[in-house]
Undergrad: 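Dumping the structure here so I can ask a few things about it.
Residues: numbered from 1 along the sequence shown. Just follow the structure's listing: the first ligand is 1, and inside any ligand the first atom is 1.
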Amino acid sequence: MKRNFREDFPIFAKYPEMSYLDNAATTQRPRQVLEAVNKFYNEANANPLRGVYELSVKATDEYENAREKAARLINAADSSEIIFTRNTTESLNLIAYTYGLANLHEGDEIVITMMEHHSNILPWQMVCKHTGAKLIYMVPDKEGKISDAEIESKITSKAKIVSIGHVSNVMGVVNPVEKVIKKAHSVGAVAIVDGAQSTPHMKVDVRAMDVDFFAFSGHKMLAPMGIGVLYGKKALLENMPPFLSGGEMIEYVEEQSATFAEVPHKFEAGTVNAGGAVGLGAAIDYLNEVGFDYIEEREAALVKRMMEGMAELPYIHVIGGQKPEEHHGIVTFMVDDVHPHDVATILDSQKVCIRAGHHCAQPLLHFLGVNATDRASVYFYNTEDEVDKFITALKNVRGYLGYGA
Ligand code: 7TS
């Protein structure tokens with residue numbers, strides 16, 4: 001029997017009536033993470049990687065220790081393959097501005113899916129605009145499945161970059177990343193996985209996947225906002241030009257030229273977010289204590305309860321797969337006759353927090369033929385009671401607006 005992890009989260013004690021079901025947007029933080037950040041600033045604060053005095057060395061050690069933890073979390077071969085960024089968005093932009101602009105040319109193709117978050121679309125549109133490369137979309141079926149035929153026909157010898165979300169933030173579906181990576185490599189393209197919605201919820205192994213780059217955000221996995229990770233295979237990172245330039249990323253600077261630091265520091269210009277990194281390290285320790293088996297088991301049970309409750313309401317339509325096991329913690333839906341923003345506002349009046357809108361995935365929503373949807377997303381600390389309150393609140397939505405059931 002696991003202890004009650006929910007008790008570690010001060011925000012749930014502050015708002016005991018709240019059902020927090022917007023975990024795909026950002027999670028809450030346990031006291032262990034908040035205390036680790038405080039402890040860093042109270043006991044180890046100095047500018048890391050610069051001073052030779054003891055306190056700065058301590059700050060550097062704490063920062064690099066967090067990098068080790070991130071490397072172990074995703075099974076990177078070496079911690080120098082972990083670059084700290086602000087979030088998944090910055091990680092993907094880093095690849096686009098460095099690898100993308102340096103290596104792509106007119107006629108090349110970048111292959112993504114129709115289910116990507118805008119963060120895995122716009123950086124590639126930028127690369128295409130600057131290089132003349134073309135952006136190609138693998139299209140899922142209505143359940144969110146990318147078929148083998150789609151993979152085979154879209155990833156051709158013209159592809160130089162293939163970038164795919166591990167778990168869709170709208171459909172909740174787990175994408176066939178291994179197949180996509182294999183196909184990308186078979187045509188000589190680099191493979192990128194956006195792990196923003198997978199890393200918090202499942203065991204990730206970048207070496208087993210054989211992925212070239214992998215991105216995730218700390219704030220979706222209990223860590224502070226403003227710290228994220230880009231994993232890259234060392235040989236690729238070493239051959240890429242820097243992204244931002246300035247302090248801390250150099251080896252030697254002359255009036256008209258400069259040489260750069262080794263990876264990962266080449267990609268970490270300026271004073272780093274050491275407090276955030278320490279918080280991420282504490283979040284990783286915490287998640288390892290909770291255990292990914294437990295996380296998956298709890299989320300599956302909560303999603304099953306949620307979808308069974310929703311299935312009893314004929315005016316509710318779940319987007320994507322109709323089976324709970326097809327939704328990795330994320331359930332997106334429509335309510336007949338009621339605008340998604342009204343649904344979320346009515347739920348908010350009953351202290352149920354869900355997300356309404358396009359979820360930063362407008363091409364997918366166009367493909368599905370909707371402008372906006374509602375989305376409920378769980379994490380391991382959610383309870384059956386929160387799910388039940390959500391279902392009760394959903395039952396009230398149409399009555400609230402004068403519709404029959
Ligand atoms: N990729 C995916 C799959 C995401 O779900 C998100 C954020 C991002 C990238 C970007 O992450 P960031 O940390 O850089 O912002 N998704 C959401 C969401 O679904 N609701 O709010 C943010």
Undergrad: If the cut-off is 4.0 Å to any non-hydrogen atom of Ala24, which atoms of ligand 1 fall inside it?
TA: 17 (C), 18 (C), 19 (O)
Undergrad: Kindly say whether Val139 contributes a backbone atom to a donor-acceptor pair with the side chain of Glu150 at under 3.5 angstrom?
TA: yes
Undergrad: State, without any angle test, whether Tyr400 and Asp342 hold a side-chain donor-acceptor pair at a distance under 3.5 Å.
TA: no
Undergrad: Compute the minimum heavy-atom distance from Asp194 to ligand 1 and say whether it is under 4.0 Å.
TA: yes
Undergrad: Please identify which of these residues, Phe292, Tyr379, Phe380, meets the ring pair (Phe, Tyr, Trp, His ring centres under 6.0 Å) condition with His201.
TA: Tyr379
Undergrad: Less than 3.5 Å between some nitrogen or oxygen of Ser119 and one of ligand 1, yes or no?
TA: no
Undergrad: Above 12 or not: heavy atoms from other molecules or residues under 6.0 Å from NZ of Lys145?
TA: yes
Undergrad: So which protein heavy atom does atom 5 (O) of ligand 1 come closest to, and at what separation?
TA: Gln197 NE2, 2.7 Å
Undergrad: If only side-chain N and O atoms count, and only distance matters, is there a donor-acceptor pair under 3.5 Å linking Tyr286 with Asp8?
TA: yes
Undergrad: Indicate yes or no: does an N/O atom of Arg375 lie under 3.5 Å from an N/O atom of ligand 1?
TA: yes
Undergrad: Which residue and non-hydrogen atom of the protein lie closest to atom 4 (C) of ligand 1, and at what distance in Å?
TA: His117 CD2, 3.4 Å
Undergrad: Contact between ligand 1 and Cys360 is defined here as a heavy atom of the residue under 4.0 Å from a ligand atom; is it met?
TA: no
Undergrad: Starting at OG1 of Thr88, measure out to CG of Asn93 and round the result to the nearest 0.5 Å.
TA: 11.0 Å
Undergrad: Yes or no: does Arg86 have any heavy atom under 4.0 Å from an atom of ligand 1?
TA: no
Undergrad: Any idea which protein heavy atom is nearest atom 21 (O) of ligand 1, and the distance to it?
TA: Arg355 NH1, 3.0 Å
Undergrad: Relative to the heavy atoms of His219, which atoms of ligand 1 are at a distance of less than 4.0 Å?
TA: 12 (P), 13 (O)
Undergrad: Would the distance check show the side chain of Arg355 and the main-chain N or O of Ser377 forming a donor-acceptor pair, the cut-off being under 3.5 Å?
TA: no
Undergrad: Assign the ring pair Phe390 / Phe333 to parallel, tilted or perpendicular, where the plane angle (0 to 90°) is split at 30° and 60°.
TA: perpendicular
Undergrad: Are Lys58 and Phe40 in a cation-pi setup, meaning NZ or CZ lies under 6.0 angstrom from the ring centre and within 45 degrees of the ring axis?
TA: no
Undergrad: Heavy-atom pairs closer than 4.0 Å: do any link ligand 1 to the side chain of Ala25, the backbone, both, or neither?
TA: both
Undergrad: Side chain or backbone of Lys220 under 4.0 Å from ligand 1, or both, or neither, by non-hydrogen atoms?
TA: side chain
Undergrad: Tell me the contacting part of Glu90 for ligand 1: side chain, backbone, both, or neither, using a 4.0 Å heavy-atom threshold, strictly below.
TA: neither
Undergrad: Looking only at protein heavy atoms, which one is nearest to atom 14 (O) of ligand 1, and how far off is it?
TA: Thr89 OG1, 2.5 Å
Undergrad: Without hydrogens or angle criteria, can the side chains of Gln350 and Asn396 be said to hold a donor-acceptor pair below 3.5 Å?
TA: yes
Undergrad: One pair to check against side-chain contact (heavy atoms from CB on, under 4.5 Å): Val278 and Lys39. What are the steps and the verdict?
TA: CA-CA 9 Å; Val278 166; Lys39 190 164 189 281; over 6 Å; no
Undergrad: Do any heavy atoms of His118 fall under 4.0 Å from ligand 1?
TA: no
Undergrad: Please identify which atoms of ligand 1 are closer than 4.0 Å to at least one heavy atom of Asn87.
TA: 12 (P), 13 (O), 14 (O)
Undergrad: Could you tell me which atoms of ligand 1, counted from 1 in the order shown, lie closer than 4.0 angstrom to a heavy atom of Ser217?
TA: 11 (O), 12 (P), 13 (O), 14 (O)
